[in-house]
Amino acid sequence: MKPSKTGRSVWTLALVLACGWAILVPAQMALDRRLAPYRETPELLWIPSGNVLRSLSLGHNGLLADLYWTRVVQYFGARRLQRRTDFPLLAPLLDITVALDPQLLVAYKFGAIFLSAPSSYGAAEPQKAIALLRRGIQANPEEWRLWHDLGFIYYWDLKDYRAASEAYREGSRHPDAAPWMQVMAAVIEEKGGNRETSRFLWTEIHNSAEDETIRKNASMHLETLRALDDIEELERLAGRFRERAGRWPQSFQEMIAAGLLQGIPADPQKYPYQLQSDGRITLHPNSEVKLDYGPSPEAR
Amino acid sequence: MRSRQTLAIVLNTFREAVRDRVLYNLIAFALILIASALLFGQISIGIQKTILLNVGLSAISIFGLLIAIFLGIGLVYKEMDKRSLYALLSKPIRRRQFIIGKFLGLNFTLLVNTALMSVGLWAALYYLMRRFEPQDLSVWVAIYFILLELSLVTALCLFFSCFATPVLSAVFTFMAYVIGNFAADIRAFGELTENNLLKGLTTVLYYLLPNFSDFNVSAWVSHGKPVAAEVVLLNTLYALCYDAILVAAAVWIFSRKDLK
Amino acid sequence: MAAIEISGLSKDYSLGFWRKRPFRALDRLSLKVERGEVFGFLGPNGAGKTTTLKLLTGLIFPTEGTATILGHPVGEPETFLRVGYLPENPYFYDYLTPQELLDYFAQFFPLSAEERQRRRDAVLDQVGLAEFRHRPLRKFSKGMLQRVGIAQAILHEPEIVLLDEPMSGLDPVGRHEVRELILQLKAAGKTVFFSTHILSDAEALCDRVAILNRGKLVGVGQLSESLQRQAACEAVLECASPEALSRLQPLAAKPPLVSGGQCRIEIPEKNIPQFLALCQSDGLRLISLNPVRLSLEDYFVEVLRGSDSERPASPSP
Ligand SMILES: Nc1ncnc2c1ncn2[C@@H]1O[C@H](COP(=O)(O)OP(=O)(O)OP(=O)(O)O)[C@@H](O)[C@H]1O
Ligand SMILES: [Mg+2]
């Protein structure tokens, strides 16, 4: 008469659910392991042409582009997380994304960064990044910042200073372009790669990026640049000490006593620099500041 | 006696579906789509078979999904709403027999439909290749997975149909289907974030939601690759277990429901 | 063992979308129906008749109280082997024909195939649908559906038949047939429990009735006693002068009705001699004088008036 013995049947249901998931979870885990190769087959590229997809999207191409852009980010993030160094689907996915929505600026800007960044940071395919950006410039002629993104890849990744200066000059002709675009064009043309320019560009990227990873990446580069400057300066001071004392300083203390330093110098991550017996300056072993790559070709 | 009664409900559910004109329209549509894949394949070179299998399997899956949702959402609700249940439940049967019978009946309907559409696909395949190859067998596995997937959709529909209106049930089921397809992405997203709470939440969600992407091997088999036997077994286990949970929950809800 | 035994049965429905408040549709009903009885369940619209029948069939669950049928708590599937139920305004799978529907329902009973077929044909005949057995139920009229409902209720020859407004939607012939059917069931020793607000049906068929109003039991008993008690006569006169009428008025139970040159007037039994004397002395032409048994309608109205006046504050349903 009553809806059966309610109390008892609640427990029965709870038991069924618990047992159910006790089977489901391990089954799913086993499936995840076994299905890995199947999932490699990129279902996304069933329709490899963005244009076909665009007409198939029945007017929802904007939404679809957003979804694809999300897939790009997920794909990139997931592969980096797995410490994979190849990103075979990155360029095709980006192509589809911008074909679906040519005005999706983030896709050009960050897509280019993902594509151009060196191996283990990105796909190390700067040429594809350039092709992507040129496509973006064509579709969005009013966006002078894309010229900056393009110039930066020439400057930083390809060390092609002539092309970089060319890109900045082209961008600076735009009526809305920031004045520094023209300055960049001139400086790069004259001096090629140098820390001053690099610092400016990375700062610009850092300040204009909305994305946390991009900003982190930029501030990492800025730290590198600062450390390189610091080390150069400290080694110069150590040289001065040697000129006066006729020997290398044994510690920063000695240099402070000689009035060359105000205190123990620290790197951007607040670790003190290390003074070697031959006057060379190195990083603290715990410091994660990277010195091993920079704008000069030999550092790559 | 009990199983004979349940069988009667199963067959009546099947009969109800068979007498619905919409069903035929959907099947016809799927068959037309498969046939058109043949034409579509002719304008490209070398991948006719792949295209045919992809389009065919997708058509079977999508139209199966439509049929499952279309028929599933009304399974219980319509009978409550139109009060045809009053006469049925005043027969010597238990309410759970009704739920189980409906579930099995719709699955049987879907089995027959899928078989019909598969015959269409195989006919098209034969027309294209003029012969069958041993690796074509894995297409059956893909079709079997579609059936498992549809049984899960049916169970979801049935579950929602016990307390929600057909439109809401359709929305819920469809959402569960879409989210279930993206389950892996949701978890990947959680792992990318540094937030432990979010990570935990997405992992729980991942195991809680029906993972429809487990059943998607169409792209794989369209290249003539075989599917491992363990995957078949695990997927079967997964689907049956999830079905059982949903049907049990549906029985639980329905058994204590006032049929006003 | 009683056929149906209801004790303290109550049902609250919740009303309102956001703030649920309970509404008592049935209030502590206690009732006993003996085997072999034809029992009428009377009450105005919204009294709780359908609610009671749905509780008896386990379609809804009681808020409190219990009910048993043939000694078994209601809602047990086994009970339905011996109970048939006709829902109010029945509706069936409209994609089936009556024959298919009955075949379907028959499979729930432990009967052989031939037996199922025999019973199906028998009930189709009984409710007069034999010639429509292959027409889809989608194309059935209300009264025809009602007949299908009756057919499925008696399909398995149940000992107890619960009928919710069996006459509703039926034409005069159909009503007569259903009356006959109920009498046949009674003759075969079955118990029939039916709800109705058509009192003449109850009057003609029931051994006992229960009257329900606003969820509460107002009275249970045999009809004939209560009706005879208050009998009166209706007199029809050729239209009289107003003075003559005013002299008649004190004798009448209600104000006279004047229409079409005739005057109808209801005279209680005890006033009849006085009335006849008056007619004679005034020279009024009496056209007819017939006894009116107090109709069940009147009884009903009277009883309900009594029960409503217990709660004068609440508005009528
Ligand atoms: N599902 C429900 N939800 C809320 N209230 C309900 C519900 N069903 C019935 N009621 C209320 O319960 C009361 C009794 O209804 P019930 O259907 O039992 O009356 P009834 O005696 O069968 O009337 P009728 O003669 O019109 O068929 C009514 O006031 C009705 O409004
Ligand atoms: Mg009613």
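Lettering of chains follows the sequences in order, A, B, ..., and the numbering in each one begins at 1.
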Heavy-atom closest pair, residues Gln107(C) and Ala8(B):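 For Gln107(C) versus Ala8(B), the nearest heavy atoms are OE1-CB, 3.4 Å.
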Closest contact, heavy atoms only, Gly58(C) versus Arg95(B): O-NH2, 3.0 Å
[X] side, atom [atom1]; [Y] side, atom [atom2] - distance, nearest 0.5 Å:
{"X": "Glu76(C)", "Y": "Arg94(B)", "atom1": "CD", "atom2": "CZ", "value": "7.5 Å"}
{"X": "Glu88(C)", "Y": "Tyr86(B)", "atom1": "CD", "atom2": "OH", "value": "9.0 Å"}
{"X": "Leu86(C)", "Y": "Ser90(B)", "atom1": "CG", "atom2": "OG", "value": "9.0 Å"}

Among Val18(B), Asn12(B), Asp20(B), side chain to side chain contact (heavy atoms under 4.5 Å, CB included) partner for Tyr95(C):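 With Tyr95(C) as partner, side chain to side chain contact (heavy atoms under 4.5 Å, CB included) holds for just one option, Asn12(B).
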Engaged part of Ile9(B) at the chain C interface, taking heavy atoms whose separation is under 4.5 Å: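 Its backbone and side chain both get close to chain C.
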Under 4.5 Å between any side-chain heavy atoms of [X] and [Y], yes or no?
{"X": "Glu16(B)", "Y": "Leu96(C)", "value": "no"}
{"X": "Gln5(B)", "Y": "Pro110(C)", "value": "no"}
{"X": "Leu59(C)", "Y": "Leu89(B)", "value": "yes"}
{"X": "Tyr93(C)", "Y": "Glu79(B)", "value": "yes"}
{"X": "Pro92(B)", "Y": "Phe109(C)", "value": "yes"}
{"X": "Leu88(B)", "Y": "Phe108(C)", "value": "yes"}
{"X": "Arg15(B)", "Y": "Tyr104(C)", "value": "yes"}
{"X": "Phe92(C)", "Y": "Ser84(B)", "value": "no"}

Portion of Asn89(C) that has a non-hydrogen atom of chain B nearer than 4.5 angstrom: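 Contact with chain B is through both the backbone and side chain of Asn89(C).
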Phe174(B) atom CZ: more than 12 heavy-atom contacts under 6.0 Å: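 Open.
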Other residues, nucleotides, ligands: >12 heavy atoms within 6.0 Å of Arg4(B) CZ: yes
Leu259(B) backbone acceptor or donor facing Lys54(C) side chain under 3.5 Å: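 Answer holds: yes.
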Cation over ring face, Lys91(B) and Phe105(C), 6.0 Å, 45°: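 Because its charged atom sits under 6.0 Å from the ring centre and within 45° of the axis, Lys91(B) does stack over Phe105(C).
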Pick from Lys78(B), Lys82(B), Gln97(B), Arg83(B) with the largest number of heavy-atom pairs that fall under 4.5 Å of chain C: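 The answer is Lys82(B).
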